[in-house]
Amino acid sequence: MNHVEVRGGAYADSVTLMEVSRSVGSEPGVDAAMVAMATPLNLDLLAGMGFELPDAGPNDMVVAIRLGSEGDLDTALAAVDAALTDAKQTPAEGVDETAPPRTTASALRDSDATLALISVPGPSAFVEAMDALAAGRDVMVFSDNVPVAHEIRLKTAASERDLLVMGPDCGTAVVGGLGLGFANAVRPGPIGVVSASGTGCQQVLSLLDAAGIGITAALGVGGRDLSEPVSGVSTRQALRRLDADPATDLIVVVSKPPAPSVAADLVGFASALSTPVEFLLLGRGEPDLTAGTERALAALGRPAPTWPTWGERAASTRHGYLRGLFGGGTLCDEAMVIAAEALGPVRSNIPLEPHLGLGASLAAPAHLMIDFGDDALTAGRAHPMIDSTLRLEHLAKFAADPDTAVLLLDVVLGHGAHPDPAADLAPAIDAAVEDDVPVIVALVGTAADPQGLGAQATALAAAGAEVFASNAEATRRAVALVGEGGPS
């Protein structure tokens, strides 16, 4: 039984509604639940789940519930109401309920903070970030879907003021020992990181942590900073900051495939700094992130450990296609570069070459890798590191496709990410393995992360996945399981 209702004028943010949906979906007798604002993208997702689309707009809340044979609608709706009520934060007795500032500028007037974190819809981020720069503060722009023209103007203004803009779409940073965005719990140490990649940064931080090495800071600059239009403006400023830090003995620059001319200019810029710089720039012919991290360890005179793995290695090769389902764009890029060298062209929604792009269905009779964290798939919905609904749908679809030889996934831990991603993914992994489809997981995280690296690895392995701390090693294992000759 399907039930769909519209609650006009009701509102909650997407992360809150994701938690409400998850809570209601776990109720006895509920097969599926979605509580969301009726944005166009959420309505598309609702239709994809098999619900009839209601007459609703972005200012309306939609409650959609699919009941099993033993489900009770009144009980399920009561669970929705209870979850929504629990999500509302009521100030405790004695807490100051003075109205908060309504703009970034007014907030900074009464603050000694040196960094402003901007997390608003992308088209609105420019004004707030510019207010912070005008007030003399560095800025971290967590927002995605920010026009590139806005990014260039922000970074130009920051450079003129000797300030740093991290982002837009800066998902990870560690400043003053504090993790911002999707950040792993890492120890202090001698390496400073500049990253034009969120999950690429997290991979490097996690590998360094496994090797017993910590960081002074991780300064995210946004995934477009090393593109030709932006030209590495924030990367230069971040390099200057870390070079001036006496605690930083080595700087590591991490990026998804950059514009060659920008990369060359940055290498020249770094050569004039007093602190040595290692560049971990993904691309054909370049070292992967694991090899780059090992190179950084060697520069400090530290040996690279054997990177952890979990789970059985019993699967044999299968004829068919490699399908990668990622939450991290840079991990997806890295996997595509490695897989393409061995298997040939890889289709993607973030392709290495334009002619290899995927259509709206995100499917093709080919080796493919999907980045579910791409801007086009996160507008109006939570990032897949928080809400795996869309990825789970495609995981089930590809697991049921007889042309799928192996499934490759990333699972990224840390503050801000799903509190228990293994529990979320384990049933789908178990179902795929039961259908004789191997599942390989790149698990990015540290022992101190709130989800617990060991517990997550154990749970994923128990579901039947082969688990690797290195995304590069996970990808090579997945490639090795693809038999020659395509689908049988």
Side-chain angles (χ1 to χ4, degrees), residues 282 284-285 287-291 307-328 331-353 355-359 361-372 391-411 425-443 457 460-488:
L282 290 178
R284 290 187 176 91
D288 58 58
L289 295 180
T290 301
W307 305 114
T309 62
W310 301 263
E312 297 294 328
R313 304 291 186 272
S316 58
T317 59
R318 286 167 46 92
H319 292 288
Y321 299 120
L322 169 61
R323 269 67 190 261
L325 309 178
F326 287 85
L331 301 180
C332 185
D333 277 330
E334 180 180 48
M336 284 194 288
V337 170
I338 293 170
E341 290 177 354
L343 301 177
V346 178
R347 303 282 301 276
S348 179
N349 63 324
I350 56 164
L352 297 176
E353 299 175 32
H355 71 278
L356 295 174
L358 282 173
S361 68
L362 301 179
H367 304 299
L368 59 84
M369 307 273 183
I370 302 171
D371 171 23
F372 288 96
R391 183 160 73 152
L392 282 171
E393 289 179 4
H394 284 76
L395 195 161
K397 179 174 70 175
F398 286 123
D401 183 351
D403 286 344
T404 298
V406 58
L407 289 165
L408 175 63
L409 314 175
D410 66 342
V411 175
L425 291 167
I429 292 173
D430 181 71
V433 173
E434 283 291 317
D435 286 340
D436 200 31
V437 179
V439 179
I440 311 299
V441 173
L443 179 62
L460 291 166
E466 296 184 32
V467 184
F468 294 77
S470 159
N471 183 58
E473 290 187 356
T475 303
R476 291 192 175 92
R477 172 58 176 163
V479 167
L481 290 173
V482 179
E484 297 181 2
S488 57

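These numbers come from the heavy atoms of this one structure, side chains and all, not from hydrogens, waters or symmetry mates. In this chain, numbering begins with 1 at the start of the sequence shown.
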For this session: Measure the shortest side-chain to side-chain distance between Leu356 and Val346 over non-hydrogen atoms and say whether it is less than 4.5 angstrom.
Result: no
For this session: With rounding to the nearest 0.5 Å, note down the distance linking CE in Met336 to CG in Leu343.
Result: 13.5 Å
For this session: Tell me, please, which residues at least two apart from Glu353 pass salt bridge (Lys or Arg N to Asp or Glu O under 4.0 Å).
Result: Arg284
Exercise. Is the charged tip of Arg391 near the ring of Phe398: under 6.0 Å from the six-membered ring centre and within 45° of its axis?
Worked result: no
For this session: Of all the heavy-atom pairs spanning Asn471 and Ala442, show the shortest one and how long it is.
Result: OD1-CB, 3.4 Å
Exercise. Is a side-chain donor or acceptor of Asn349 paired with a backbone partner of Leu358 at a separation under 3.5 angstrom?
Worked result: no
Exercise. Taking the side chain from Arg318 and the backbone from Val482, do they hold a donor-acceptor pair closer than 3.5 Å?
Worked result: no
Problem set entry | Interatomic spacing from CG in Asp435 to CG in Asp430 - rounded to 0.5 Å | 9.5 Å
For this session: Taking the side chain as every heavy atom from C-beta outward, state whether Ile440 and Phe468 have any pair of such atoms under 4.5 Å apart.
Result: yes
Problem set entry | Contacts of type side-chain contact (heavy atoms from CB on, under 4.5 Å), residue Pro308, not counting sequence neighbours | Trp310, Ala469
Problem set entry | Where Cys332 and Ser348 come nearest, the two heavy atoms and their spacing | SG-OG, 4.3 Å
Exercise. For Arg476, which residues count as a salt bridge (Lys or Arg N to Asp or Glu O under 4.0 Å) partner, sequence neighbours excluded?
Worked result: Asp288
Exercise. Can you tell me how far CG of Leu409 sits from CD1 of Ile429, rounded to the nearest 0.5 angstrom?
Worked result: 5.5 Å
Seminar exercise, completed: On a heavy-atom basis, the closest approach of Glu312 and Glu466 is O-CG, 3.0 Å
Exercise. What heavy-atom pair brings Leu392 and Ala428 nearest, and what distance separates the two atoms?
Worked result: CD2-CB, 3.9 Å
Exercise. Partners of Ser470 by side-chain hydrogen bond (donor to acceptor under 3.5 Å, both in side chains), sequence neighbours excluded?
Worked result: Thr290
Seminar exercise, completed: Taken in chain and number order and not counting sequence neighbours, the residues that satisfy side-chain contact (heavy atoms from CB on, under 4.5 Å) with Ala480 are none
Exercise. Please walk me through it: do Leu289 and Leu282 pass side chain to side chain contact (heavy atoms under 4.5 Å, CB included)?
Worked result: CA-CA 7 Å; Leu289 295 180; Leu282 290 178; 4.0 Å; yes
Problem set entry | Note, Leu395 side chain near Val439 side chain (heavy atom, < 4.5 Å) | no
Exercise. What distance separates Phe326 CZ from Leu408 CG, expressed to the nearest 0.5 Å?
Worked result: 4.0 Å
Exercise. Can any side-chain N or O of Asp371 pair as donor or acceptor with the backbone N or O of Ile350 at less than 3.5 Å?
Worked result: no
Problem set entry | Those residues that, when tested against Arg323, pass side-chain hydrogen bond (donor to acceptor under 3.5 Å, both in side chains) (two or more places apart) | Asp401, Thr404
